[in-house]
Amino acid sequence: MPLTDPDRLFPAEPALRDLARGLYQGIRDLPILSPHGHCDPRWFAGNARFPDPAALFVTPDHYVVRMLVSRGIPHADLGVPRRDGGPVERDPRAIWRRFAGHVHLFRGTPSALWLEHALEHVFGIDTPLSAATADAVYDAVEAALATDAFRPRALFDRFGIEVLATTDAALDDLSAHGTIRDSGWAGRVIPTYRPDAVVDPEHEGFDANLDRLGEVTGEDTGTWAGYLAAHRARRSYFKEMGATATDHGHPTARTADLPRADAKALFAKVRAGRADAAEAELFRAQMLTEMARMSLEDGLVMQLHAGSHRNHSARVFALHGRDAGFDIPTRTDWVGGLKPLLDAVGMDPRMTLILFTLDETTYGRELAPLAGAYPALRLGPPWWFFDSAEGIRRYRETVTETCGFYNTTGFNDDTRAFCSIPARHDVSRRADCAYLAGLVGTGRLRLAEAEGLAHDLTVTLVRDAYRL
Amino acid sequence: MPLTDPDRLFPAEPALRDLARGLYQGIRDLPILSPHGHCDPRWFAGNARFPDPAALFVTPDHYVVRMLVSRGIPHADLGVPRRDGGPVERDPRAIWRRFAGHVHLFRGTPSALWLEHALEHVFGIDTPLSAATADAVYDAVEAALATDAFRPRALFDRFGIEVLATTDAALDDLSAHGTIRDSGWAGRVIPTYRPDAVVDPEHEGFDANLDRLGEVTGEDTGTWAGYLAAHRARRSYFKEMGATATDHGHPTARTADLPRADAKALFAKVRAGRADAAEAELFRAQMLTEMARMSLEDGLVMQLHAGSHRNHSARVFALHGRDAGFDIPTRTDWVGGLKPLLDAVGMDPRMTLILFTLDETTYGRELAPLAGAYPALRLGPPWWFFDSAEGIRRYRETVTETCGFYNTTGFNDDTRAFCSIPARHDVSRRADCAYLAGLVGTGRLRLAEAEGLAHDLTVTLVRDAYRL
Amino acid sequence: MPLTDPDRLFPAEPALRDLARGLYQGIRDLPILSPHGHCDPRWFAGNARFPDPAALFVTPDHYVVRMLVSRGIPHADLGVPRRDGGPVERDPRAIWRRFAGHVHLFRGTPSALWLEHALEHVFGIDTPLSAATADAVYDAVEAALATDAFRPRALFDRFGIEVLATTDAALDDLSAHGTIRDSGWAGRVIPTYRPDAVVDPEHEGFDANLDRLGEVTGEDTGTWAGYLAAHRARRSYFKEMGATATDHGHPTARTADLPRADAKALFAKVRAGRADAAEAELFRAQMLTEMARMSLEDGLVMQLHAGSHRNHSARVFALHGRDAGFDIPTRTDWVGGLKPLLDAVGMDPRMTLILFTLDETTYGRELAPLAGAYPALRLGPPWWFFDSAEGIRRYRETVTETCGFYNTTGFNDDTRAFCSIPARHDVSRRADCAYLAGLVGTGRLRLAEAEGLAHDLTVTLVRDAYRL
């Protein structure tokens, strides 16, 4: 018996299910476009085998780690490194057993779907994971990983990935991307310009980062003009290396468009380390508008991920640092926040700014009305916590009537869990087909329109929005 | 093949669909009560033919204009006038072709449903609109519009409209309403008192408007007492001309109930043009309570539409002025905002204040709890962006369990797109029947109760709430 | 014909309905665990008969009173006492007739379901309540209440209640609980420590309450140390009398963790009656963290009910005081609010803090992400206004994918309407089974997992979370 139901995520009502299944058949085998994610380009540069099942499925997956932590398993027992280099579990099999012994925690979550999809469809396993089967499943995964067919490039090809964008710090030399490009392998792995560490005055090491930015670009990052020129230089380099987009992770959606003299003075204060919290926020706000203007110049698509309270637990941050599963969503005010940027570039149809929220209340109230008016705006797909069947359903139900489908941008897997990429795109395709089937079945859409939309949501809108 | 599915918007599950269809049969042909909208009373006063298809379906419809603008079609290309009188498209057929060439943008939106309903049921057209059929559909609509059967009064009668309320500025002389009344035509078109331009200190021309208000009423609008008396006089005139309600469009739901001396001093400052933004907001807040007290005196039902950030794009406002599709919803705090007004009149069962929100999160958290407690409050139907199948479903699902059906007020079409009025009411009736069918089918309501409710939601509650 | 549909609240789609029905069969007869509610322990201490149908179904039920008030029936006409001792309706039959005459107001609300369940399943009545049947139903209920089978202890046993927690002021002597314990009756009725009146400086009589707290405990509540010691003493006494939990009703979720000297100074100001609103809020915030630390010491589970604007109507509060149906939900910021408390105790797996919100927007955005990360946190079930079929559905749909089922805590009836307890638990069980059936029917959960979950949600998670 297969681990996954062939009709999973389709409507239960038979007529709608038939419609959804039919729509899905038409798009199931389309290539995967992954324009935003967190895979490590060195996997594909070096093409070394993945180290072990725990390193593939448990330790790097925030969804998995946080759930286990929430029921009392310490980060260290899952192999998450400590900042002080202190001892953490190093035995992958022990980590895997802990995971398997608590797999019931994931019932009803997308992690369960992704895991079973990957075990079955990537590794050919048909045993549900549990404490009892932990070792057998571990051994089967490990055996597969030891083969060439499970090296990164082979999986990339087998997954049918047409393009995979990584997310790369502004100071990254993109040498892994260079290696891939020069390797002769046909896989398209492209970088994305993510300048948070040289844009956010509250980022650890901001000042040193700006020094380094100056060295790398030969610009004087002690001045506002030099600092902007350095960004332009890095963006240009990223573009040369294949980038089509930038990405910005900000605590809020606030933007600003200060007079040049004020921006210059603010930069001076920030650069001198004398900015308070309000000035740091204002600087980030200003930089979003600067980045938007540079996008008009160089054509890089801009992505904004706002509304995450990063590293919420002081204790976890002290022990394990960033990205330990303790980023928590917060309210986001898009309507007030984006106005300065939109007054600057919002009506320009050459601009593409893709918005990602963790505050679902903004879908219907703010984001769909904004995207359904400003030519520069597109809605990104549901992100972190919401890239799930229910999350996608609520997204479509709350945005479609206001901004339609054509102001949206397809799906992002946004993951560093490589083997879950096919599963995540499959969930998205099924959830979209379920939604379209509902529209057809209730007389809101003709079947031919739904067929066209299923295709557009899967590939056309992604290529168009991300200029792929 | 008809453009519209006869079972559209009913549940897909066959037993629920049968229930919904049965409920709908019982109310489909009830008269249309339109207690809040934006039709031009001069249409019915003069009864001239509608100018052309674009002027009927495209240019004045914010839903249509904003979506086309969002994908890069400038306002001017759709015939939206410029404030500076600069050139805009004047050829209705060119505008229509642009619309037809982008009709896919509306897939899954209520605009698509409304359009197809109007084309099929008002104009007898069975061809889907597309770039290919643009001219044929244009010609068919134009040919119909040239006939007497498509003049405003004939359509009004054919649509089965029992009463249509317009929205009229406080300074409007209501001459069109007078003409209608004196014409011998039986159609009931009534005004609504909308005093925003003489209540909001931030409205362009506020001071001149108050001068004019003084002239029109013979009251001294230089004093607080005279200003209030002038409102009383205008309300009385509107009531004489058939009005049963007032309507207030405010940025927030804030109300105030200042001591008389403070209100007087605030008015003096406002009238002198010396009020800052906070004082302007306080003045609007105070005026809501004053209007509520006047409603207690004269029996006019009060409507409050709050939470829209008007004219969000500075560029669009500069080029095209108000009402160009760039009003964006914002958060609204009803619980704190309304408290002063409710402390003044909220427990008085003679008062009716109907609330409209653009922030759906307030349905379950704020509005249904408030309306389910205060005798003075009723919930208005889902408004702008939410007057759709999903919007109505979410509204019923989030408010009914807390405040029941009998604190709600039926449907508002809220439109200036005259030919979409039957379509909009049809969507509302179908969506309500779908919801009721769900309650019956899951044992939460008896069929006879649902039949009574379908009728009450369509006519009884509207007549009762709006005192029609 | 029965009043209630045997398949009520199950999905309408036949295959899902069968699944839901099957799951429900497996848990229908499990005992009722009621770890949070407002029944009066004196009912079970004295075991006197309930006075009359109105006193059982109308006057003390906020859901019922507020809806009747909202359509213009004054509190006094429903027998709600006045603070000034002024006249209110004293004839229970007259109150009952008013209720019966307006029972249509409750169509589609959980009150209607609860009422019909109680009339049919507790009282054996098969006549729908209406103006016409008011007297007959009244007589039937009254006749039953006069029998021993309808005394509180008999109903408790018949309802299959395994444990019932009451909510008791910190100053309560728990004498009724003592009487129950000494009575030889096997029913488990346990207290809950609710210290709001000695924690909230804005509570009427706060200062006198602290004096009394000092007398009762022999501690010096004039000092910060003595005040905390007094809490420890009362908590210890409550625990001795059977309590397993504390409960805290705060206007917001704000917490604080001040340096000891600051806390001491703040207490001095509060105790002297010189604290302003901001300081009162800060004191409540600090006390939540103090209570959490005491929970670590004594093992009492902590519950936090935040986000209610109590006594919203000044007029109703002046006439009838607290708890008159005019508590209105407000926005709650859990992410910022809880951070100080979570930094203090959030990663400690010995701690259990159960969170209850009236702001549903926080489910997906804040509460599920927090509970899905911090070991100390659990999500309480949907509360007041949301303990309904739709409320439970939205709760499961918005939290499950992020924090799973095992960070939730089963159901609370949270009621003082004793005869509605079986109905409320039945709604919860049915709604949960409907949700689980949906997951099974769409391939997101195996049937055996759903069966286990139905059991866990009904009893295991409650016993575990509340340490019963």
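We name chains A, B, ... by the order of the sequence lines, and we start the count at 1 in each one. Just so you know, these numbers come straight off a predicted model, no measurement behind them.
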Between C/Ala371 and chain A, which part of the residue has a heavy atom less than 4.5 Å away: side chain, backbone, both or neither? backbone

Interface moiety of A/Ala324 toward chain C, non-hydrogen atoms closer than 4.5 Å: neither

Chain C shares the most heavy-atom pairs under 4.5 Å, among A/Ser111, A/Ala434, A/Ala389, A/Gly325, with A/Ala389

Going by the angle between their ring planes, with limits at 30° and 60°, are C/His248 and C/His250 parallel, tilted or perpendicular? perpendicular

Quick check on C/Ala373 against chain A: is it the side chain, the backbone, both or neither that has a heavy atom closer than 4.5 Å? both

Would you mind telling me which of A/Val65, A/Leu358, A/Thr330 has the largest number of heavy-atom pairs within less than 4.5 Å of chain C? A/Thr330

Using only heavy-atom distances, determine whether the side chains of A/Arg315 and A/Ser313 contain a donor-acceptor pair under 3.5 Å. no

Of the listed C/Leu342, C/Thr398, C/Thr361, C/Leu377, the one with the largest count of heavy-atom pairs under 4.5 Å with chain A is C/Thr398

For the pair C/Thr400 (side chain) and A/Gly108 (backbone), establish whether a donor and an acceptor sit closer than 3.5 Å, ignoring hydrogens and angles. no

Residue A/Val316 versus chain C: region with a heavy atom under 4.5 Å: side chain

Measure distances from C/Arg446 to the heavy atoms of chain A and classify the residue's part below 4.5 Å as side chain, backbone, both or neither. side chain

Honestly, the part of C/Asp333 sitting under 4.5 Å from a heavy atom of chain A is both

Flag the one option from C/Pro11, C/Pro349, C/Gly372 with the top tally of heavy-atom pairs under 4.5 Å to chain A. C/Gly372

Bottom line for C/Ala344: the part with an atom under 4.5 Å from chain A's heavy atoms is backbone

Top of A/Asp327, A/Asp359, A/Leu68 for chain C proximity - count of heavy-atom pairs under 4.5 angstrom: A/Asp359

Donor-acceptor pair between A/Asp413 and A/His425 side chains, under 3.5 angstrom: yes

Most contact-rich option vs chain A, by heavy-atom pairs under 4.5 angstrom, among C/Arg378, C/Glu397, C/Glu401, C/Glu449, is C/Glu401

Kindly give the heavy-atom pair with the smallest separation between C/Phe10 and C/Ala20, and that separation in Å. CD2-CB, 3.8 Å

Can you say whether C/Leu439 sits under 4.5 Å from chain A via the side chain, the backbone, both, or neither, judging by heavy atoms? side chain

Testing the 3.5 Å rule here: is there a donor-acceptor pair between the side chains of A/Ser420 and A/Arg424? yes

Report yes or no: do C/Thr352 and C/Arg467 form a side-chain donor-acceptor pair below 3.5 Å? yes

N/O donor-acceptor pair under 3.5 Å between A/Arg254 side chain and A/Gly336 backbone: no

Checked C/Lys339, C/Glu366, C/Arg396 vs chain A; the most non-hydrogen pairs under 4.5 Å come from C/Lys339

When you measure from the centre of the six-membered ring of A/Tyr24, is the NZ or CZ of A/Arg430 under 6.0 Å away and within 45° of the axis? yes

Would you say A/His75 and A/Arg82 are linked by a side-chain donor-acceptor pair, where the criterion is simply a distance under 3.5 Å? no

Between A/His312 and C/Tyr374, ring centroids under 6.0 Å: yes

Examine whether an atom of A/Leu16 lies under 4.5 Å from a heavy atom of chain C, and if so say whether it belongs to the side chain, the backbone or both; otherwise answer neither. neither

Considering all heavy atoms, the nearest A/Thr59-A/Val80 contact: CG2-N, 4.0 Å

Does one side chain, of A/Thr4 or A/Glu120, offer a donor that lies under 3.5 Å from an acceptor on the other? yes

Does the separation of the ring centres of A/Tyr63 and A/Trp114 fall below 6.0 angstrom? yes

Which residues in residues 403-412 of chain C have a heavy atom less than 4.5 Å from any heavy atom of chain A? C/Cys403, C/Gly404, C/Phe405, C/Tyr406, C/Asn407

Counting only heavy atoms closer than 4.5 Å, note whether C/Glu13 contacts chain A via side chain, backbone, both or neither. side chain

Does anything in residues 290-307 of chain C get under 4.5 Å of chain A by heavy atoms, and if so which residues? none

Can the ring centroids of A/Phe326 and A/Phe317 be said to lie less than 6.0 angstrom from one another? no

Non-hydrogen atoms of chain C under 4.5 Å away: do they reach the side chain of A/Ala314, the backbone, both or neither? both

Engaged part of A/Leu113 at the chain C interface, taking heavy atoms whose separation is under 4.5 Å: side chain

For A/Arg83, is the CZ atom crowded, meaning more than 12 foreign heavy atoms sit under 6.0 Å from it? yes

Evaluation steps, salt bridge (Lys or Arg N to Asp or Glu O under 4.0 Å), between A/Arg21 and A/Asp18: CA-CA 5 Å; A/Arg21 198 192 283 121; A/Asp18 282 350; 2.9 Å; yes

Over all heavy atoms of both residues, which pair between A/Arg98 and A/Ile73 is shortest? Give the atoms and the distance, please. CD-CG2, 4.2 Å

Are side-chain N/O atoms of A/Trp334 and A/Thr357 paired as donor and acceptor at under 3.5 Å? yes

Contact winner vs chain C - A/Arg17, A/His104, A/Arg71, heavy-atom pairs under 4.5 Å: A/Arg71

